[in-house]
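Step one of this worksheet: look at the structure below.
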Amino acid sequence: MANFRRMNLQYSKSYGFLLLLVFLTIYANAQTPSKVYSADGISVKSYNFEGLRPILERKATDTTYVINFWATWCAPCVAELPNFEKLTTAYPDSKIKVILVSLDFTKQVEKNLLPFLKKKQSKSEVVHLSDPDANSWIDKVDPEWSGAIPATVIYNPSLNLRKFYEQSFTFEALQSELKPFITLP
Amino acid sequence: MKTIQTFGLALLLFVAASFSTPPAGYKVGDVATDFKLKNVDGKMVSLSDYKNAKGFIVIFTCNHCPYAKAYEDRIIALDKMYAPKGYPVIAINPNNPEKQAEDSYALMQQRAREKKFTFPYLFDDGQKIYPQYGATKTPHVFLLQKTAKGNVIKYIGAIDDNHEDPSAVKEKYVEAAVNALLANKSVTPTETKAIGCSIKA
């Protein structure tokens, strides 16, 4: 940020160039996790919200994304995780991508999240969201979200379909919600 | 024909079931209901008991939730700071202990003793009050101002903007809101959001 301010002064007249820089910075942030936590063969990328955002806003793909917000300390979240894990094996011919976004406290990722994933032998992609100013990003996930977890977004860019759920899921309920999203091969 | 009708009905039911009704609850400006809930000292507490209060910092919170735990000391500090100024904290545990054993009345009493709560910590027995307020998670704050027409909601949301690190907080939403009310100014923002544990009813 300090560099930015200096550049801002230097190029105060070159607004376009600054804008380009801003975009490049955002783009670069989106590609690079803030931190990668690893232990015992388990590796989890940690993002701030801007870094996570591309996962929630993929474009031009017929994949259905199932994004579940959870945490190891959230009992109903942990209880429903197997239902999300099961999706990938239950629909091998469909393009379904399950991403589990952990909201575990940042200082507890190494102590709680990594050992949990090791124990559960999680097969789904797990990322960590480290952005304590939740008020700045909850509405960007969905304005309907009060902030309680578990919460889930299901979307498919090519079908232009997106739904948000602040609730727990049984496997059957997930299957039922997925019906309109699944493009048969 | 009958098949089509049945199919149509089934479709209608399916569509109706897909739209979950948004949770009812108060918006800023609404008059909040009073209640009569059991405190950890065994006595029943109502907002109307507080004759001299100017308002209330009602916080739905609980024992088990890591977010609630992270905010415990900050809730105590809020009460110490604002009870003398007429805005006491009223904490309510909305969880059903049958779903979350750690939030039982006995364990509420224990927690209140351990942390020397200076405010009432009430048990929403039967989980009847939190749905009227529209609380969805713990902790969830409803700031009320006592007026001629009742206790009006002035702010709904988070305590501040950093659950994880009190020293990194930039915006103290509840403090700013109470300060605004004390200074006869309008509250901004009137609503914020935070991550929290879903209420176990």
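Remember, predicted model here, so these are calculated numbers, not experimental data.
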Would you say A/Trp145 and B/Ile195 make side-chain contact, with heavy atoms under 4.5 Å?
yes
Heavy-atom count check: over 12 atoms from other residues, nucleotides or ligands less than 6.0 Å from B/Glu98 CD?
no
For B/Lys69, is the NZ atom crowded, meaning more than 12 foreign heavy atoms sit under 6.0 Å from it?
yes
Given that the side chain runs from C-beta out, which part of B/Tyr173 has a heavy atom under 4.5 Å from chain A: side chain, backbone, both or neither?
side chain
Measure A/Thr106 against the heavy atoms of chain B and call it side chain, backbone, both or neither at under 4.5 Å.
both
Proximal component of A/Ile138, with respect to chain B [non-hydrogen, under 4.5 Å]:
side chain
Taking all non-hydrogen atoms of both residues into account, name the closest pair between B/Cys197 and A/Trp73 and its distance.
SG-CZ3, 3.2 Å
For B/Ala194 and A/Ala134, work out which heavy atoms get closest and say how close.
CA-CB, 4.0 Å
Any chance NZ of B/Lys36 has more than 12 other-residue heavy atoms, nucleotides or ligands included, within less than 6.0 Å?
no
Under 4.5 Å from a heavy atom of chain A, the part of B/Lys200 involved
side chain
Looking only at heavy atoms, what is the nearest atom pair of A/Asn135 and B/Lys193, with distance?
OD1-N, 2.6 Å
What do you reckon, is CG of B/Asp41 surrounded by more than 12 foreign heavy atoms closer than 6.0 Å?
yes
How close do A/Phe105 and B/Ala70 get, heavy atom to heavy atom, and via which atoms?
CE2-CB, 4.1 Å
Shortest non-hydrogen separation from B/Thr136 to A/Ala148 and the atoms involved:
O-CB, 3.7 Å
Report yes if some heavy atom in the side chain of A/Ser130 is under 4.5 Å from a heavy atom in the side chain of B/Glu164; otherwise report no.
no
